[in-house]
2 protein chains.
Amino acid sequence: MNVELDDLKAFVKTAEMRSFRAAAETIHLSQPALTRRIQKLEATLGVPLLERTTRRIELTAVGRDFLPRARRLLDDLETSLLTVQEIAQRRSGQVNIACIPTAAYYFLPDVISAFSEAYPSIRVRIVDAGANEVLQGVLNREVDFGITLTGADDPDVAFEPLVEEPFMLACRNDHPLAEQEVVQWEDLAEHRFITVGRASGNRLILDLGLAKSGFRPRWFYEVQHLSTSLGLVEAGLGVAALPKMSLPSGPHPLIASRPLVDPVVMRTVGLVRRPGARLSPASERFHEMLLTRWRTP
Amino acid sequence: MNVELDDLKAFVKTAEMRSFRAAAETIHLSQPALTRRIQKLEATLGVPLLERTTRRIELTAVGRDFLPRARRLLDDLETSLLTVQEIAQRRSGQVNIACIPTAAYYFLPDVISAFSEAYPSIRVRIVDAGANEVLQGVLNREVDFGITLTGADDPDVAFEPLVEEPFMLACRNDHPLAEQEVVQWEDLAEHRFITVGRASGNRLILDLGLAKSGFRPRWFYEVQHLSTSLGLVEAGLGVAALPKMSLPSGPHPLIASRPLVDPVVMRTVGLVRRPGARLSPASERFHEMLLTRWRTP
DNA sequence: AATGATTGATGTGTTACTCGCATGAATGTT
DNA sequence: AACATTCATGCGAGTAACACATCAATCATT
């Protein structure tokens, strides 16, 4: 049934204006072209919709039935198209990313500053989540891309490394281990160790890294987030192994950082996105800026 | 916004089948032609709807939003087109006319018989109504055309006369007036006269016809329909002036008919239709058959 | 890792369709 | 009867949509 939207528009406008000539003018068509459109619609339907002479136009019974339906169809289409374009525009005016907390404050501030300076009207929405949640968010297209750990990846996403860093010891300045320049993992055996839960990507990496050495630290405290670990260390409740980027970078009144060796456990943080994902230009640009600023050479 | 229905169909089918090639085959298009349609839709909306590689097709976020809307639009259009065609087909399979009662049984039986023999599947629907209702029915397109009186016409309808006939006296066989071969209107003055209401077309014609003679019958009974008049005459309650076609055509055990003169009041019954009205072929044919069978030479 | 089958995208030429212009016939109005 | 205006038709021009040929990309298989 080869009906076209322009046919419906011609019919609706003609029925409303009661004039082929006037309707044609309104929709920027010549009168013969409009007449042909109406004739084509009537031929396709197999029934006249309008009764007309050179001086008078009226709807047929079928035309009267069809007119509100045609109007509704055209209205619904216009609404749909406008809605879709609004969604698209809203999406293209916003960057959505998911990020593990330890990386958010390390990677993003500089790049966000530069990005917002270049694109003042583009908003950046950061979903702060664990490594697995970041991955799910990307897979489910809830966000454009993510910043997460190597271990938490998936065959259906592409990983682009940004930074590789070691886990280090975090303890209070007045802790006995703070007197050593370098701490070995086995040195921790005699101290209360604060760890993160099994669901954490960091925990997975640590477990895998330590498996080779035969040493298994005895966890005394288990928390959900690394940032809570740091809080407990500061409170003097124990020591923790934390990624370097989550530690204070300079001298700290309470917290000391020491290299953890034998083994040195490394983690890689990078960008994950779905291959072939068509990001908005803004998201593509932000993604590029992150790579440019942070990519490991 | 130059979106076309074929664009929507291409998009919906491709999203459902997850294959350009397969979708193209289904809607009888080549794969490049379908690809171009999808590209045109995406260009018009200014946003991609599908992410695709040569081996994998998925909806974008905007595409996922748009797909149910596009489906609904196409479904609504198809429903509308089928409904319109069904109405048109039903109308073209049926003749609808309105007819004053006195004429229905006089004009229609023969023509209906001939018509139904020629067109066995076409149904004929007769709306039995007063002269004014017949006219309204035609003007409001509730019926295709009507059979009514001259007096009940309108500048917007065309009248084609079928039969011109006189009003005659109807009385019981044993009534004194039955003894006269011809009755004059003034003879009715001494007898109870049964008339029809002022809303009746017949009443209007009678009033106008008698106005010239100066004689005004004194109504003793007033009824709504002529057929009721005949019933009261038969019951011996009085006499009535009725159109010839509504009287028994041969000898009747109870009812006598006599010419009414001085004046002779005539009425014309004919077809009314809207000029330029596009009737279905069946209605046109029936209309023609009525004219052929009954038209006054 | 190499190879092959398959698919979406692009270039190109052809065809069909839509358009505007010119004009005719019909229709109300004066 | 004459005139102005409108809908319908004939016709030529231009454009859009199509299929075909082909390329590049992508997975699956070996």
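Below, chain A is the first sequence line, B the second, and so on; all start at residue 1.
Using a 4.0 Å cut-off between charged side-chain N and carboxylate O, B/Arg72 and B/Asp76 make no salt bridge.
Between A/Thr54 and A/Asp6, the residue anchored closer to the 5' end of DNA chain C is A/Asp6, taking for each the nucleotide with the nearest heavy atom.
Judged by distance alone, with hydrogens and angles left aside, A/Arg56 brings no side-chain donor or acceptor close enough to the base of C/dA26 to form a pair under 3.5 Å. Contact of B/Arg55 with C/dT6 (side chain to base): a donor-acceptor pair of N or O atoms is detected under 3.5 Å.
Considering A/Leu291, A/Asn96, A/Ile112, A/Asp144 in turn, A/Ile112 is the only one that fulfils the side chain to side chain contact (heavy atoms under 4.5 Å, CB included) rule with A/Phe286.
Judged by distance alone, with hydrogens and angles left aside, the side-chain atoms of B/Asn140 form a donor-acceptor pair with the main-chain N or O of B/Gln136 at under 3.5 Å. Of the possible polar contacts, one joining the A/Thr60 side chain to the A/Pro48 backbone as a donor-acceptor pair under 3.5 Å is found. For the pair A/Trp294 (side chain) and A/Val163 (backbone), a donor-acceptor distance under 3.5 Å is absent. When atom types are taken as modelled, the side chain of B/Gln94 and the backbone of B/Ser283 share no donor-acceptor pair closer than 3.5 angstrom.
The interatomic distance linking A/Leu41 (CG) with C/dT18 (P) rounds to 13 Å, in whole Å. In this structure, A/Arg37 places its CZ atom 6 Å from P of C/dT18, rounding to the nearest Å. In this entry the distance linking CD of A/Gln39 with C1' of C/dT18 reads 13 Å, nearest Å.
Counting heavy atoms from C-beta outward, B/Phe66 and B/Val47 have side chains that stay 4.5 Å or more apart.
Think of the region where chain A sits on DNA chain D: with heavy atoms and a 4.0 Å cut, that region ends 5' and 3' at D/dA4 to D/dC11.
Within residues 23-36 of chain B, the residues that have a heavy atom under 4.0 Å from DNA chain D are, in order of number, B/Leu29, B/Ser30, B/Pro32, B/Ala33, B/Arg36.
The CD atom of B/Glu4 sits 11.0 Å away from atom CG of A/Leu77, with the distance rounded to the nearest 0.5 Å.
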